[in-house]
Amino acid sequence: MPVSTPPRRPVRHTEGFSTTLLRSHPDRPARTFLPADYQPKYAYPLVVVFHDSGADEDAAARLAPLLSRRNYVVACPRGPVNLGPGTAGRRGFAWPAAADTAYLATLWSHAREKYHIHPQRLYLVGVGDGAAAAYRFAAGSHGAVAGVAALNAEVPAATRCARGLRLFVGHGEGNPAVPVAAARRASRELARAGAAVRFESYPAADRVHEDMLRDVNRWIMGTVNAGPDWLATGG
């Protein structure tokens, strides 16, 4: 008698964190957060969180459930520059001066293969120095990135690449490294260069204030709920 093969059951993804290992970059694991009650038929936005210099993918991943437990698949990559052990003995990483295009494009492709990701809803969130890496990737993505959020960061200088880019800038009023006035001024310059910028300040120093993440969530969902016409026209 022929051997019958039982039908394969679909993979049931569950909420929580997992580690993503890319064969092309085995030394740079990423942390992925899957939303509660993941629905495989719904095309989720993908949010990529870039950690600050001296941190790692785990530090970025801790922000994912604070951003939203239901709205997004979140990927947290590791910067390629190894800074060695910090004061707590844990290794820290940083981002290069050039865009980390190959690694991030591979991470995006992996997420789209494994989960149901909307191809026009890729959002980047950069913390501190991670914001510059997010901005560089968005500027070279030829419109593939729907928006960038820069939190407690030195806002990138306005260039021709800023035209049409959607930016959320959240900044602590007491940030000792980057004064809030400098972040506000840079945001105005980006707006004059053609970016669609929303600037918000918060009663904090250089930590990611929980209200920043609340507002980033609302900002992203506002673009998602606006539908495809907003994505095509810039809102």
Cluster overlap [X] with [Y], hydrophobic side-chain contacts below 4.5 Å:
{"X": "Leu21", "Y": "Leu107", "answer": "no"}
{"X": "Phe137", "Y": "Phe93", "answer": "no"}
{"X": "Val178", "Y": "Phe199", "answer": "no"}

Item to check | Listed partners of Asp56 passing salt bridge (Lys or Arg N to Asp or Glu O under 4.0 Å), at least two apart | outcome: Arg90

Item to check | Any donor-acceptor pair under 3.5 Å from Tyr135 side chain to Val155 backbone | outcome: no

Checklist entry - Do side-chain atoms of Tyr103 reach the backbone of Arg28 as a donor and acceptor pair under 3.5 angstrom? => result yes

Which atom names give the shortest non-hydrogen contact between [X] and [Y], and what distance separates them?
{"X": "His171", "Y": "Met212", "result": "C-CE, 3.8 Å"}
{"X": "Pro77", "Y": "Val49", "result": "CD-O, 3.2 Å"}
{"X": "Val208", "Y": "Asn152", "result": "N-ND2, 4.0 Å"}

More than 12 heavy atoms from other groups under 6.0 Å of [atom1] on [X]:
{"X": "Glu173", "atom1": "CD", "value": "yes"}
{"X": "Glu154", "atom1": "CD", "value": "no"}
{"X": "Arg184", "atom1": "CZ", "value": "yes"}

Checklist entry - Mind checking who shares a hydrophobic cluster with Val81, ILVMFWY linked at side-chain heavy-atom distances under 4.5 Å? => result Leu83

Item to check | Test item: side-chain donor near acceptor, Arg31 and Ser18, under 3.5 Å | outcome: no

Item to check | Polar contact flag, side-chain donor to acceptor under 3.5 angstrom, Tyr115-Thr32 | outcome: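 Short answer, no.
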
